[in-house]
Amino acid sequence: GAGVSQSPRYKVAKRGQDVALRCDPISGHVSLFWYQQALGQGPEFLTYFQNEAQLDKSGLPSDRFFAERPEGSVSTLKIQRTQQEDSAVYLCASSPKPGLAGVPGELFFGEGSRLTVL
Amino acid sequence: DQQVKQNSPSLSVQEGRISILNCDYTNSMFDYFLWYKKYPAEGPTFLISISSIKDKNEDGRFTVFLNKSAKHLSLHIVPSQPGDSAVYFCAASGGNNFNKFYFGSGTKLNVKP
């Protein structure tokens with residue numbers, strides 16, 4: 001499809017397990033963002049990539065969270081030793097321009113990956 | 001500390017009437033504001049935006065008003081339609097970080113036929 005694709009859509013993990021969430025942005029999009037949305041809350045920024053460079057990781061809640069985008073297209077968000085408080089929907093968004101220069105209508109979100117940690 | 005707040009978790013409106021969704025922010029450095037709409041099991045989609053140099057922006061049935069002195073913005077939907085039923089998120093950007101949006105917690109709008 002032409003939109004941002006995320007997988008898996010749903011993931012159930014046991015506490016302590018490692019998980020990996022994948023984002024396929026729109027082809028050619030320079031910027032890629034990860035957001036975390038807890039139940040009943042708005043999305044919260046995690047990290048930002050411009051091509052393969054991770055320019056901002058100020059929102060990552062702990063060193064258990066790691067994101068990469070090695071070839072400047074697909075990105076993976078990895079969470080090590082998952083905890084119950086990691087349960088959330090993880091949203092990926094992409095944009096054709098650097099940072100938020102493409103706003104307002106050019107930031108496209110995927111459907112999200114819902115992570116449940118038991 | 002939440003910099004963008006939507007204090008009404010839900011709103012119910014009759015079809016054809018006006019829906020008014022409110023949003024408050026605390027950071028005076030924010031210079032761009034947006035509204036996103038989200039249906040269940042889908043990602044947020046952009047609806048309308050406003051720059052801090054304006055106080056109103058209109059797009060069809062949707063109008064966003066910005067009151068900088070009160071650090072308040074609102075989204076008006078006129079007339080409301082059942083298909084408008086969704087969760088609406090207010091978001092802001094600017095200040096010392098140009099790479100991220102700050103989102104409110106959302107308002108669930110229900111438009112009754």
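Letters A, B, ... mirror the listed sequences (proteins, then strands); counts begin at 1. None of these values were measured; they are calculated from a predicted model.
With a 4.5 angstrom heavy-atom cutoff, A/Gln6 does not touch chain B via any of its atoms. At a 4.5 Å heavy-atom cutoff, the contact between B/Lys38 and chain A is made by side-chain atoms alone.
Considering every non-hydrogen atom in both A/Gln41 and B/Phe89, the closest pair reads O-CE2, 3.9 Å.
Under the 4.5 Å side-chain contact rule for hydrophobic residues, A/Trp34 and A/Ile26 do not share a cluster. Hydrophobic clustering places B/Leu47 together with B/Leu21 (ILVMFWY residues linked when any side-chain heavy atoms are closer than 4.5 Å, directly or through intermediates).
Within a 6.0 Å sphere centred on CZ of A/Arg64, heavy atoms belonging to other residues, nucleotides or ligands number more than 12. In the displayed structure, B/Lys68 atom NZ is contacted under 6.0 Å by more than 12 heavy atoms of other residues, nucleotides or ligands. Surrounding NZ of B/Lys37 are more than 12 heavy atoms belonging to other residues, nucleotides or ligands, all under 6.0 Å away. With a 6.0 Å radius and a threshold of 12 heavy atoms from other residues, nucleotides or ligands, B/Arg17 has its CZ atom at or below the threshold.
Remark: aromatic rings of B/Tyr36 and A/Phe109 are close, center separation under 6.0 Å. Aromatic rings of B/Phe103 and A/Tyr35 (six-membered ring for Trp) have centroids within the 6.0 Å cut-off, being under it.
A heavy-atom distance below 4.5 Å is not found between the side chains of B/Thr45 and A/Phe108.
Here the side chain of A/Arg9 pairs a donor or acceptor atom with the backbone of B/Ala41 at under 3.5 angstrom.
For the atom pair OG (B/Ser105) and CG (A/Leu39), the distance works out to 11.5 Å, reported to the nearest 0.5 Å.
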